[in-house]
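Here is how names work: the chains are called A, B, and so on, in the same order as the sequence lines, proteins then strands, and each is numbered from 1. What's counted below: heavy atoms across the whole structure, side chains too, no hydrogens, waters or symmetry copies.
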2 protein chains.
Amino acid sequence: MAEFALRNETRYGNRPTMKDVAARAGVGLKTVSRVVNGEPGVTPDTERRVQEAIEALGFRRNDSARVLRKGRTASIGLVLEDLADPFYGPLSRAVEEVARAHGALLINGSSAEDPDREQELVLALCARRVDGLIVIPAGHDHRYLEPEIKAGVATVFVDRPAGRIDADAVLSDSYGGAREGVAHLIAHGHRSIGFIGDQPRIHTAAERLRGYRAAMADAGLPVDERWVSLGSTDPARVRAAAEEMLSGPEPVTALFAGNNRVTVTAVRLLAGRDTPIALVGFDDIELADLLGITVIAQDSAALGRTAAERLFRRLDGVHEAPTRVELSTRLLARGSGEVPPPGA
Amino acid sequence: MAEFALRNETRYGNRPTMKDVAARAGVGLKTVSRVVNGEPGVTPDTERRVQEAIEALGFRRNDSARVLRKGRTASIGLVLEDLADPFYGPLSRAVEEVARAHGALLINGSSAEDPDREQELVLALCARRVDGLIVIPAGHDHRYLEPEIKAGVATVFVDRPAGRIDADAVLSDSYGGAREGVAHLIAHGHRSIGFIGDQPRIHTAAERLRGYRAAMADAGLPVDERWVSLGSTDPARVRAAAEEMLSGPEPVTALFAGNNRVTVTAVRLLAGRDTPIALVGFDDIELADLLGITVIAQDSAALGRTAAERLFRRLDGVHEAPTRVELSTRLLARGSGEVPPPGA
DNA sequence: CCTGCCGATGACAACGTTGTCCAGGCTCTA
DNA sequence: TAGAGCCTGGACAACGTTGTCATCGGCAGG
């Protein structure tokens with residue numbers, strides 16, 4: 001496990017300190033501190049002299065020292081899976097918005113869906129003494145966080161629950177959403193429906209598959225196991241899986257895509273075919289309205305906002321048992337999900 | 001200007017320190033430090049005892065104190081305009097990737113295109129003593145950064161140059177890209193081409209407009225000022241501007257969209273019309289291939305990577321004059337830009 | 001057996017800030 | 001006019017870590 005090591009070759013280019021400012025202004029150290037922090041008890045004249053010295057020296061308070069002294073860093077950590085995934089943009093932005101409202105900075109990093117990297121990142125953030133953590137977990141065992149949580153690091157999991165510890169979680173209703181989406185396809189006459197999802201160890205992928213099975217069972221439809229494919233969301237894999245379901249003796253007439261990456265690949269694939277295949281995807285996609293893609297939309301901004309608000313509530317000292325919140329999803333019918341099966 | 005204030009109500013839940021570990025292991029403070037940092041000169045037996053104490057207490061080194069002592073924070077700041085804009089996802093991810101390779105963490109925030117907020121954020125990051133800064137500037141006067149840069153905070157601007165100071169910048173060739181895109185439309189027979197862009201005070205917007213004018217001039221075509229509209233990228237404004245250009249006595253037969261947000265709105269608008277209008281947009285968009293949108297693509301990941309690499313080169317002590325790098329763009333012809341004018 | 005050396009270990013100061021507490025000078029009142 | 005009380009300003013310790021330097025014990029060589 002690589003280390004986030006500090007280098008010790010160089011030091012700051014000798015930044016001025018409060019001591020320097022004090023010397024220049026001809027006042028005591030603590031007086032400078034008072035001025036910098038807007039504390040009362042400084043004559044206007046003294047304050048002016050100090051301000052001038054600050055200006056002249058280009059002094060900027062060293063928050064590292066401040067943090068060391070005060071114990072709080074006014075920063076929170078956000079660990080997500082991939083900054084470049086459009087799903088996380090609004091989420092991350094919502095978190096930042098809330099953090100800003102609470103005067104906190106955001107430190108973030110991506111786990112790239114690798115549990116080791118997630119742990120490495122989280123612990124690096126804890127070493128920085130972030131006040132709180134928002135984590136989209138990649139791993140399934142978060143017991144390594146126990147000492148941190150006990151020590152007071154507020155922690156909220158988003159999009160997927162924590163593994164083997166009891167912690168706050170803010171999720172989308174993957175099960176319900178998938179169930180609704182598949183039921184939608186069934187309602188339009190489909191009886192053989194394929195499901196292509198992410199790796200089964202990912203909680204949302206498993207939940208969505210569960211929703212698929214539930215919808216099929218609700219309708220009394222059997223599920224041929226060749227219709228179900230979980231695995232990486234690599235386009236080649238998804239494409240191969242879809243092609244297999246669409247060919248053979250008993251091809252599916254509709255596809256349910258387990259997340260946005262799968263949906264994109266499916267759309268590309270289906271665009272190249274002559275017979276129309278129905279498609280419903282989990283997650284909304286930009287321009288999906290123009291392409292007429294029916295999706296189960298989750299509100300990723302609300303996910304982030306809810307998680308961040310919960311985090312700050314905890315930081316404000318609210319003590320309650322960890323809770324799990326599930327935000328509901330919305331079916332957006334745009335055409336691709338309303339295609340009837342051939343011959344219907 | 002709001003302050004990123006530390007709260008002082010509570011302290012950490014009393015985390016164990018090296019002193020505690022030392023006491024428990026029955027060794028000196030410095031020995032613990034040595035073990036934690038993997039320094040040589042510790043007997044295997046002593047090391048084991050210390051490790052056990054660390055484990056038992058759940059000790060985690062306090063990097064704030066470490067930073068205070070060592071002078072380097074091993075973190076860099078990234079200030080961008082909007083985390084939710086898909087253009088910045090890959091950029092931000094690329095920066096993170098490079099930072100990670102150098103063992104640094106990323107602290108980031110959005111300016112929301114507001115110069116005051118940009119300054120506030122940048123200075124908050126400087127107070128945290130980030131080692132370096134990557135900034136997508138919203139403002140046009142960055143003299144406030146001079147003391148910081150002088151004090152050794154490496155700074156690289158991305159996407160837009162710095163204002164009123166001499167600093168590194170990594171840009172896309174907005175001028176050349178727009179010129180190529182407009183020339184492409186001209187080559188397909190268009191003579192009246194509309195340009196809809198972002199606010200003129202934004203450098204890239206101005207450069208792209210300059211490219212537009214250059215291409216028109218190259219072809220000896222006059223520019224009717226009603227064909228040019230700069231302003232907010234709010235969909236309503238863009239829509240209104242486009243509709244005005246497309247109606248009236250002398251409607252344009254093609255549109256050049258100044259950035260991804262404008263392109264999206266334009267695509268929506270044009271999708272609702274019966275007569276085809278040619279469109280070229282600056283910035284690529286996901287699924288643009290399926291929609292057949294011709295774009296001038298910039299490599300936002302390369303932008304971020306290049307900037308971050310430059311930053312770390314400076315942090316590694318390389319001293320050279322600030323430079324400006326311009327990355328070239330690529331025209332991706334997908335259909336919408338190859339539509340001929342009506343009657344051609 | 002003594003000297004010198006080396007490797008392991010710990011004592012101590014310093015990093016830059018803030019909280020506590022005290023000193024000195026002022027005003028106000030009895 | 002003296003004492004009480006207030007306001008301003010500064011000295012000092014502490015936060016948790018790391019760099020410097022001294023110490024201690026053992027071991028090899030004389």
Side-chain angles (χ1 to χ4, degrees), chain A residues 4-23 25-50 53-54 57 59-74 126-129 151, chain B residues 4-23 25-50 53-54 57 59-74 126-129 151:
Chain A
F4 287 93
L6 296 173
R7 302 132 181 277
N8 49 8
E9 302 106 40
T10 30
R11 307 192 56 70
Y12 302 131
N14 267 354
R15 304 201 62 136
T17 71
M18 285 192 177
K19 204 166 149 188
D20 302 323
V21 175
V27 302
L29 179 55
K30 180 64 205 202
T31 301
V32 176
S33 171
R34 274 194 267 262
V35 171
V36 169
N37 294 296
E39 288 170 25
V42 181
T43 9
D45 180 59
T46 311
E47 168 156 7
R48 192 186 40 74
R49 289 212 320 282
V50 171
I54 288 176
L57 295 173
F59 167 80
R60 202 87 65 197
R61 178 178 64 199
N62 184 333
D63 272 1
S64 292
R66 178 163 219 243
V67 158
L68 177 60
R69 189 61 232 257
K70 302 204 78 143
R72 281 267 184 137
T73 58
C126 288
R128 291 300 169 95
R129 294 293 188 269
Chain B
F4 286 92
L6 296 173
R7 300 131 180 278
N8 49 9
E9 303 105 41
T10 29
R11 308 192 55 71
Y12 301 133
N14 267 354
R15 304 200 62 138
T17 71
M18 285 192 178
K19 204 166 149 190
D20 303 322
V21 175
V27 301
L29 179 55
K30 179 65 206 199
T31 301
V32 176
S33 172
R34 272 193 269 262
V35 171
V36 169
N37 295 295
E39 288 171 23
V42 181
T43 354
D45 179 60
T46 311
E47 168 156 9
R48 191 185 41 73
R49 286 211 323 281
V50 172
I54 289 177
L57 296 174
F59 167 80
R60 204 86 66 198
R61 179 178 64 199
N62 184 333
D63 273 1
S64 292
R66 178 165 221 240
V67 158
L68 177 59
R69 192 60 232 260
K70 302 204 79 144
R72 281 265 185 138
T73 59
C126 288
R128 292 299 168 95
R129 295 293 189 269

Write down the distance between CZ (B:R128) and P (C:dC15), rounded to a whole number of angstrom. 22 Å

How close do A:E47 and A:V35 get, counting heavy atoms only, and between which atoms? CA-CG2, 4.2 Å

Rounded to whole Å, how long is the line connecting atom CG of B:L68 with atom P of D:dC15? 14 Å

Over its full length, what angle do the end axes of the helix from C:dC1-D:dG30 to C:dA30-D:dT1 make, each axis taken from five pairs and the result rounded to 10 degrees? 60°

What is the separation between atom CZ on A:R66 and atom C1' on D:dC15, rounded to the nearest whole Å? 14 Å

Identify the two heavy atoms, one from B:R60 and one from B:R15, that lie closest to each other, and give their separation to 0.1 Å. CB-NH2, 3.7 Å

Taking all atoms of both residues into account, what is the closest heavy-atom pair of B:R128 and A:T73, and its distance? NH2-O, 2.7 Å

Return the value, rounded to whole Å, for the distance between atom NZ of B:K19 and atom P of D:dC15. 6 Å

Mind listing the closest non-hydrogen atom pair of A:A53 and A:A25 along with its distance? CB-CB, 4.0 Å

Kindly write out the residues that satisfy salt bridge (charged side-chain N to carboxylate O under 4.0 Å, His left out) with B:R49, not counting sequence neighbours, or none if the list is empty. B:D45

Closest listed nucleotide, where the reference is the side chain of A:K70 and the choices are C:dG19, C:dT17, D:dT18: C:dG19

If only side-chain N and O atoms of A:S33 are considered, is one of them under 4.0 Å from the OP1 or OP2 phosphate oxygen of C:dT18? yes

Give the rounded distance in Å between these two atoms: CZ of A:R72 and P of D:dC15. 19 Å

The side-chain contact (heavy atoms from CB on, under 4.5 Å) partner of B:F59 among B:V36, B:V50, B:D20 is B:V36

Locate the shortest heavy-atom distance separating A:R72 from A:V67; write the atom from each residue and the value. O-CG2, 3.7 Å

d(CG, B:D63; C1', D:dC15) in whole Å: 15 Å

Is the phosphate of D:dT18 approached by B:N37 (side-chain N or O, under 4.0 Å from OP1 or OP2)? yes

I'd like a table of atom pairs between the protein and nucleotides 4-14 of chain D - only N or O on both sides, under 3.5 Å - with the distance next to each one.
| unit_1 | atom_1 | unit_2 | atom_2 | d |
| --- | --- | --- | --- | --- |
| D:dT8 | O3' | A:T43 | OG1 | 3.1 |
| D:dG9 | OP1 | A:T43 | OG1 | 2.7 |
| D:dG9 | OP1 | A:T46 | OG1 | 2.3 |
| D:dG9 | OP2 | A:T43 | N | 3.1 |
| D:dG9 | OP2 | A:T43 | OG1 | 3.3 |
| D:dG9 | N7 | A:R34 | NH2 | 3.1 |
| D:dG10 | OP1 | A:G28 | N | 3.2 |
| D:dG10 | OP2 | A:G28 | N | 2.3 |
| D:dG10 | OP2 | A:T31 | OG1 | 2.8 |
| D:dG10 | N7 | A:R34 | NH2 | 3.0 |
| D:dG10 | O6 | A:R34 | NH2 | 3.4 |
| D:dA14 | N3 | A:R69 | NH1 | 3.2 |

Can you check the B:R49 CZ to C:dT9 P distance for me, whole Å? 8 Å

To the nearest Å, how far apart are B:R60 CZ and D:dT17 P? 13 Å

Separation of B:S33 OG from B:R61 CZ (nearest 0.5 Å): 8.5 Å

With A:R66, which of A:L68, A:N62, A:D63 fulfils side-chain contact (heavy atoms from CB on, under 4.5 Å)? A:D63

